[in-house]
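Structure first, commentary second.
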2 protein chains.
Amino acid sequence: MNFVHPSREDITLEGVLSALADPMRLRIVRFLYENRGNCASCAEAAPCPKMAKSTLSNHFRILREAGLIRTVKHGVEHRSVLRKEDINARFPGLLELILKLAA
Amino acid sequence: MNFVHPSREDITLEGVLSALADPMRLRIVRFLYENRGNCASCAEAAPCPKMAKSTLSNHFRILREAGLIRTVKHGVEHRSVLRKEDINARFPGLLELILKLAA
DNA sequence: TTCAATAGTTCAATATAATTGAAATATTGA
DNA sequence: TCAATATTTCAATTATATTGAACTATTGAA
């Protein structure tokens, strides 16, 4: 169960936009952003308590495949960080603007 | 056959992002943007020649319902304009940034 | 070491959305 | 009146999202 992450160059605008177009995923990203570089488990970053685990897991997979987060195993948890540098290198200002506008 | 457009306040970030997350729709929006306020028929703004008419029509519907374009009948054509002012009033800088980054 | 608890993932089923060809609608010009 | 044009609507197919249930991996306690 090791995760596949796209390299920085493989992050696409289409992928980023469609990942962020979902309100639940945007809330996950905001949480990670405000977590300032710290990892968070899926449960910690969950956008709402009543969401099915499998749905949450799927949202994390979409964020991961879009290149927005990086996930590593850490004991029984899977911890994710926002790939802020990669996203800003590829699409400068986009992440911050979207988070600001979604406030 | 008159079109329903959301009012400025009803334009949502989610709607705008998911409308722009499709490469064909992004090309339509780019075309309209570069058209500088001028209307364009569906056929003129078509992102690729081989796309089915019904698919194109559906993309215009999605753009319209997201509040990105305004469409009016003009003879046998349905002409669309980008709702630049409305989008910028609601989400300042977003449209220009996405178009720039997608360049 | 065994076992239960925890955290996520995968699977299969259902529900929702996108794509397309074909048929329908509306407008104009001959 | 009729054919041409531009686009929409419809129905079928295909793709994507959501969920509960079963599965996997890791840890901590008895």
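Predicted model only: the values in this text are computed from it and were never measured. Here is the naming used below: chain letters follow the sequence lines, and residue numbers restart at 1 for every chain.
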Minimum heavy-atom distance B/K73-B/F3, with the two atoms named:
CG-CE1, 4.4 Å

Report yes or no: does B/S18 contribute a side-chain atom to a donor-acceptor pair with the main-chain N or O of B/E14 at less than 3.5 Å?
yes

What is the distance, to the nearest angstrom, from the CE atom on B/M24 to the C1' atom on C/dT20?
15 Å

Just by distance, do the side chain of B/H5 and the backbone of B/G67 share a donor-acceptor pair under 3.5 Å?
no

Rounded off to whole Å, could you give me the CZ-to-P distance for the B/R79 and C/dA26 pair?
20 Å

Which of the following nucleotides, D/dT19, D/dA25, C/dG8, is nearest to the side chain of A/S54?
D/dT19

Compare the minimum distances between each of C/dT9, D/dT8, D/dT26 and the side chain of A/K73, then state the nucleotide with the smallest one.
D/dT26

Going by heavy atoms closer than 4.0 Å, what residues in residues 42-51 of chain B are next to DNA chain D?
B/C42, B/A43

For residues 45-70 of chain B, which residue pairs pass the salt bridge (Lys or Arg N to Asp or Glu O under 4.0 Å) check, not counting sequence neighbours?
B/R61-B/E65, B/R70-B/D86

Do any pairs count as a salt bridge (Lys or Arg N to Asp or Glu O under 4.0 Å) and have a residue in residues 18-27 of chain B, sequence neighbours left out, and if so which ones?
none

Cut-off 3.5 Å, no hydrogens considered: what does the side-chain donor-acceptor table look like for residues 93-103 of chain A, sequence neighbours left out?
unit_1 : atom_1 : unit_2 : atom_2 : d
A/E96  : OE1    : A/N88  : ND2    : 3.4
A/E96  : OE2    : A/Y33  : OH     : 3.2
A/E96  : OE2    : A/N88  : ND2    : 3.2

Should A/R83 and A/I11 be marked as a side chain to side chain contact (heavy atoms under 4.5 Å, CB included) after you check the CA-CA gap, both sets of side-chain angles, and the distance that decides it?
CA-CA 11 Å; A/R83 294 177 64 181; A/I11 300 176; 4.1 Å; yes

Spacing between B/E65 atom CD and D/dT9 atom C1', to the nearest angstrom
14 Å

Would you please say whether a donor-acceptor pair under 3.5 Å links the side chains of B/D10 and B/S7?
yes

D/dC23 P sits how many Å from A/K53 NZ, rounded?
13 Å

Give me the distances for all protein-to-nucleotides 14-18 of chain D N/O pairs that come in under 3.5 Å?
none

Less than 4.5 Å apart, side chain to side chain, heavy atoms only: is that true for B/L32 and B/V81?
no

Show the nearest heavy-atom pair for residues A/P47 and A/L56, with the distance to one decimal.
CD-CD1, 3.6 Å

Could you check which of D/dT8, C/dA26, C/dA7 has an atom nearest any side-chain atom of A/V76?
C/dA7

Estimated bend of the helix from C/dT1-D/dA30 to C/dA30-D/dT1 (axis per five terminal pairs, rounded to 10 degrees):
0°

With ring pair (Phe, Tyr, Trp, His ring centres under 6.0 Å) as the test, would you mind laying out the steps for A/H78 and A/F60 before giving the verdict?
CA-CA 10 Å; A/H78 295 184; A/F60 274 91; 9.7 Å; no

Winner on side-chain proximity to A/H78, out of D/dT9, C/dG8, D/dA25, is C/dG8

Residue pair A/L56/B/E77 against DNA chain D: nearer the 5' end by closest nucleotide is B/E77

